[in-house]
> 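The structure's right below; bear with me while I get my questions together.
Labels below follow one simple rule: chain letters A, B, ... track the order of the sequence lines, proteins then strands, and each chain is numbered from 1.
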Amino acid sequence: QQKVQQSPESLSVPEGGMASFNCTSSDRNFQYFWWYRQHSGEGPKALMSIFSDGDKKEGRFTAHLNKASLHVSLHIRDSQPSDSALYFCAASEHNYAQGLTFGLGTRVSVFP
Amino acid sequence: EAAVTQSPRNKVTVTGGNVTLSCRQTNSHNYMYWYRQDTGHGLRLIHYSYGAGNLQIGDVPDGYKATRTTQEDFFLLLELASPSQTSLYFCASSGLNTEVFFGKGTRLTVV
């Protein structure tokens, strides 16, 4: 069973709109979360980490973590065509990046 | 920005063949990783290393060996390649409390 589950598998959002997607861990040892983004033909690139309950905002990206339910979400406001990519949630038992466990990803398409 | 360089970028080999994937990082990072990416499985950790001469087993190590010769260089070895090892392989590096930086990947096809 996948320890880090993401939903939805894919979504389409209009340019300028809000994209929102989710991640849940089934392993209570996983308390620390990262979001990565992968454009076609590239390696994944870290967007942000979130370790504490509540919201964390970086530019147009906002992550929300609920540690009790091990649920984390990512919201992209004012979506741009360059945001079209595969978004991975990754989790760890520790607040450092060694041994990350990745979800299967959410594919985001931003249309004009 | 942190740099992780993988070679080759594409490789085709036959079943039973010998393959070495190379990775070099110039970030002065202690930690290096090999992941494979497959549709339906996401990114899975094969092996990782804390430093030169060190090797740690990841989540899907079967059929793979790895060697860290220097702080900069990490190699993934497939000694008897099988079609199930056809995949997109990523090398990555990180410091203790930094994000993980990925290379551009090596697409390996085993025919």
> Report yes or no: do Trp34(B) and Val4(B) belong to one cluster of Ile/Leu/Val/Met/Phe/Trp/Tyr joined by side chain heavy-atom distances under 4.5 Å?
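No, it is not one cluster - the side chains of Trp34(B) and Val4(B) are not joined through contacts under 4.5 Å.
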> Establish whether Met48(A) and Phe101(B) are linked, either directly or via other cluster members, by ILVMFWY side-chain heavy-atom contacts under 4.5 Å.
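Met48(A) does not cluster with Phe101(B).
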> Where does Glu9(A) contact chain B at under 4.5 Å (heavy atoms): side chain, backbone, both or neither?
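Answer is neither: Glu9(A) stays 4.5 Å or more from chain B.
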> For the residue pair Leu100(A) and Leu45(B), establish whether any side-chain heavy-atom pair is separated by less than 4.5 Å.
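No, side chains not in contact.
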> Given that the side chain runs from C-beta out, which part of Gln38(A) has a heavy atom under 4.5 Å from chain B: side chain, backbone, both or neither?
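For Gln38(A), side-chain heavy atoms alone lie under 4.5 Å from chain B.
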> What parts of residues 61-70 of chain B touch chain A if we use heavy atoms and a cut-off under 4.5 Å?
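The list, in residue order, is empty: none.
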> Check the hydrophobic clustering (I, L, V, M, F, W, Y; side-chain heavy atoms under 4.5 Å; chains of links allowed) and say if Leu47(A) and Val108(A) are grouped together.
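They do share one cluster, since a chain of ILVMFWY contacts under 4.5 Å joins Leu47(A) to Val108(A).
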> Chain B: which of Ala46(A), Gly105(A), Pro44(A) shares the most heavy-atom pairs with it under 4.5 Å?
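Looking at each option in turn, the highest pair count goes to Pro44(A).
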> Does NZ in Lys3(A) sit with more than 12 non-hydrogen atoms of other residues, nucleotides or ligands closer than 6.0 Å?
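Open: at most 12 neighbouring heavy atoms sit under 6.0 Å from NZ of Lys3(A).
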> Are Phe30(A) and Leu70(A) co-members of a hydrophobic cluster defined by side-chain heavy atoms under 4.5 Å apart?
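No.
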> Quick check for you: to the nearest 0.5 Å, what is the distance between Arg44(B) atom CZ and Phe102(A) atom CZ?
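Answer rounded to 0.5 Å: 13.5 Å.
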> Please write out which residues are connected to Val14(B) in a hydrophobic cluster, directly or through intermediates, given that two of Ile, Leu, Val, Met, Phe, Trp, Tyr count as joined at side-chain heavy-atom separations below 4.5 angstrom.
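Val12(B), Val111(B), which link up through side-chain heavy atoms under 4.5 Å apart, make up the rest of the cluster.
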> Indicate if Leu88(B) and Tyr35(B) have the same hydrophobic cluster label, given that clusters are the connected sets of ILVMFWY residues with side-chain heavy-atom separations under 4.5 angstrom.
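They do share one cluster, since a chain of ILVMFWY contacts under 4.5 Å joins Leu88(B) to Tyr35(B).
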> Check whether any side-chain heavy atom of Tyr36(A) lies under 4.5 Å from a side-chain heavy atom of Leu43(B), and answer yes or no.
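Tyr36(A) vs Leu43(B): side chains apart.
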> Highest number of heavy-atom pairs under 4.5 Å with chain A: which of Gln37(B), Arg107(B), Gln56(B)?
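Among Gln37(B), Arg107(B), Gln56(B), the one with the most close pairs to chain A is Gln37(B).
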> Would one find more than 12 heavy atoms of other residues, nucleotides or ligands at under 6.0 Å from atom CD1 of Ile57(B)?
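Counting other residues, nucleotides and ligands, CD1 of Ile57(B) stays at 12 neighbours or fewer.
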> Kindly compute the distance separating OG1 (Thr39(B)) from CG (Leu104(A)), expressed to the nearest 0.5 Å.
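One finds 10.0 Å between OG1 of Thr39(B) and CG of Leu104(A).
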